[in-house]
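Positions are given from 1, in the same order as the sequence printed here.
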Amino acid sequence: MTDEDFMRLALNEARAAFEEGEIPVGAVVVNKGRVIARAHNQTEALHDVTAHAEMLAITSAANLLGGKYLTDCTLYVTVEPCTMCAGALGWAQVARVVYGACDPKRGYTCYAPHALHPKASTTSGILEKECTTLMQEFFRLRR
């Protein structure tokens, strides 16, 4: 599967969040070409400001693998991680982070550009239009 294929899976998670009234962010963790975790924002449902898609996906993947480090994993997420999530990705030693839409207001690249693990690589702009459109539609309906 390609980056676009995995990002489509993350978009499916984001759409689930949208339907649940959550900010539509979805994440997928891939290990050796296999999806091992999927999640979407659940901050409203769980009454937990830390229940971001990335945080939930990290926890799920770590539980499945039986350890706290995700050194052979790639995280696909529809929107650029916030500082909190980037820090968690760094501590989990995620090898690669792929995101769709940039987040100029809350994204880690503005506030904590070195939060990811030093050996981590990043790719941005994968299915950016689809990711951005979903976020814009969500907020348009709420304003």
Side-chain angles (χ1 to χ4, degrees), residues 1-113 115-117 120-143:
M1 291 179 68
T2 66
D3 283 347
E4 289 80 10
D5 294 327
F6 289 121
M7 189 60 75
R8 282 187 186 87
L9 297 176
L11 268 166
N12 287 341
E13 288 295 319
R15 288 183 190 103
F18 185 103
E19 294 300 319
E20 294 169 14
E22 301 276 358
I23 294 175
V25 177
V28 173
V29 178
V30 175
N31 177 257
K32 299 175 183 170
R34 189 177 117 231
V35 175
I36 62 167
R38 304 168 189 254
H40 57 270
N41 276 3
Q42 293 188 43
T43 60
E44 300 298 328
L46 299 176
H47 307 289
D48 180 356
V49 297
T50 69
H52 290 195
E54 302 96 321
M55 301 293 280
L56 299 171
I58 290 167
T59 299
S60 180
N63 285 337
L64 181 81
L65 294 177
K68 62 184 178 181
Y69 298 119
L70 304 177
T71 55
D72 294 325
C73 295
T74 298
L75 177 105
Y76 291 85
V77 62
T78 56
V79 178
E80 177 185 349
C82 69
T83 302
M84 172 186 70
C85 292
L89 291 163
W91 285 111
Q93 298 182 16
V94 171
R96 183 171 177 237
V97 177
V98 179
Y99 60 91
C102 292
D103 185 352
K105 292 182 181 177
R106 298 279 186 178
Y108 82 95
T109 56
C110 291
Y111 299 102
L116 298 178
H117 192 273
S121 65
T122 59
T123 304
S124 62
I126 303 298
L127 301 182
E128 182 176 14
K129 184 176 186 233
E130 293 92 331
C131 296
T132 299
T133 299
L134 185 62
M135 288 291 282
Q136 289 172 339
E137 179 66 10
F138 177 82
F139 286 110
R140 185 188 68 76
L141 291 171
R142 273 147 185 78
R143 293 187 174 129

Show me the side-chain donor-acceptor pairs of residues 72-88 shorter than 3.5 Å, one per line, residues at least two apart or across chains.
residue, atom, partner, partner atom, Å
Y76, OH, D3, OD1, 2.7
T78, OG1, G26, N, 3.1
E80, OE1, D103, N, 2.9
E80, OE2, Y108, N, 3.2
E80, OE2, T109, N, 2.9
E80, OE2, T109, OG1, 2.6

With sequence neighbours left out, the residues meeting side chain to side chain donor-acceptor pair (under 3.5 Å) with R15 are N12

For E44, the side chain to side chain donor-acceptor pair (under 3.5 Å) test, sequence neighbours excluded, returns none

Please report the interatomic distance [atom1]([X]) to [atom2]([Y]), rounded to the nearest 0.5 Å.
{"X": "W91", "Y": "H117", "atom1": "CH2", "atom2": "NE2", "answer": "9.5 Å"}
{"X": "K129", "Y": "Q136", "atom1": "NZ", "atom2": "CD", "answer": "10.0 Å"}
{"X": "M135", "Y": "E130", "atom1": "CE", "atom2": "CD", "answer": "15.0 Å"}
{"X": "L134", "Y": "F139", "atom1": "CG", "atom2": "CZ", "answer": "10.0 Å"}

Judged by atom type as modelled, is there a donor-acceptor pair below 3.5 Å linking the side chain of Y99 to the main-chain atoms of I126? no

Task: 4.5 Å side-chain heavy-atom contact, F18 and E137 - done: yes

Are E4 and L127 side-chain neighbours, meaning at least one heavy-atom pair lies under 4.5 Å? yes

Checklist entry - Do R8's NZ or CZ and the ring of F6 fall within the cation-pi criteria of under 6.0 Å and 45°? => result no

Which donor-acceptor pairs under 3.5 Å do side chains of residues 56-71 form with protein atoms, sequence neighbours excluded?
residue, atom, partner, partner atom, Å
T59, OG1, M55, O, 3.1
N63, ND2, T59, O, 3.3

Could you give me the CA-CA distance, side-chain angles and deciding distance for R34 and V30, then say whether side-chain contact (heavy atoms from CB on, under 4.5 Å) is met?
CA-CA 5 Å; R34 189 177 117 231; V30 175; 5.7 Å; no

Considering all heavy atoms, the nearest [X]-[Y] contact:
{"X": "P104", "Y": "C110", "answer": "O-SG, 3.6 Å"}
{"X": "G21", "Y": "R142", "answer": "CA-NH2, 3.6 Å"}
{"X": "E128", "Y": "A101", "answer": "CG-CA, 4.2 Å"}

Is there a donor in the side chain of R96 and an acceptor in the side chain of T123, or the other way round, less than 3.5 Å apart? yes

Salt bridge (charged side-chain N to carboxylate O under 4.0 Å, His left out) filter on E20, not counting sequence neighbours, yields none

(Q) Working note: V97 + L116, criterion side-chain contact (heavy atoms from CB on, under 4.5 Å); need CA distance, chi angles, decisive distance, verdict. (A) CA-CA 9 Å; V97 177; L116 298 178; 4.1 Å; yes

Can you list, pair by pair, the side-chain donor-acceptor contacts under 3.5 Å of residues 47-54, counting residues two or more places apart and other chains?
residue, atom, partner, partner atom, Å
D48, OD1, T50, N, 2.8
D48, OD1, T50, OG1, 2.6
D48, OD2, T50, OG1, 3.2
H52, NE2, V49, O, 3.2

